[in-house]
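Some notes on the structure that comes next.
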Amino acid sequence: MLRTLTLMIAGLAMTLLAACQPPAQLLVEKAYVKLSPVEGSPSVLYFTIKGGPSDTVLRSITSPNILRLEMHETVEENGMSMMKPITAVAVPTRGKVAFEPGGKHVMVWGFDNASRKAGKAEFVFSFSNGEKISVDAALKEMKPEDGMAHH
Ligand SMILES: [Cu+2]
């Protein structure tokens, strides 16, 4: 009788634990592009990566809608803010990696007419575990007061 009760409690505890911690899934969220107001100068892609059930590394980003892109990180050096190219970004288990103004970001050149018309572009994120995640990023006009906010 006592043993049955103990098992029931153990079962309940496991159910509650499972409810609190859903299985982690590698995700790319909140992707958007700040379009440059100046023809020929780069736009900027921002997004957030949510870590999956195991550590992985973001290896590359590609897009059928653009000419080229570069992953950058804004760093302070001798009181100066400057950008450095980055090629790989670690995504820890259940972690969160934000590409956001003032930090990591992706410079993007040359959106095609189709994406400009649609107001969104497709980006494919490739990870070291073999996963590829495709997301649509909304193209947002940059307001003049935003300036080069990512620097
Ligand atoms: Cu940059």
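Quick caveat, the model's predicted, so the values are computed rather than measured. Quick note: numbers below take in every heavy atom, side chains included, and nothing from hydrogens, waters or symmetry partners. Atoms within each ligand, like the ligands themselves, are counted from 1 in listed order.
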Report the atom name of the nearest N/O/S atom of His105 relative to the Cu ion (ligand 1).
NE2
By atom name, which N, O or S atom belonging to His72 lies closest to the Cu ion (ligand 1)?
ND1
Leu35 vs Arg116 side-chain heavy atoms within contact, under 4.5 Å:
yes
Would you say Thr74 has an N, O or S atom lying under 2.8 Å from the Cu ion (ligand 1)?
no
Hey, are the side chains of Phe47 and Phe123 touching, using non-hydrogen atoms and a 4.5 Å cut-off?
no
For SD in Met107 and SD in Met83, the angle at the Cu ion (ligand 1) (nearest 10°) is 130°
Could you tell me whether Phe99 and Tyr46 have their ring centroids closer than 6.0 angstrom?
no
Would you say Ile49 and Leu26 make side-chain contact, with heavy atoms under 4.5 Å?
yes
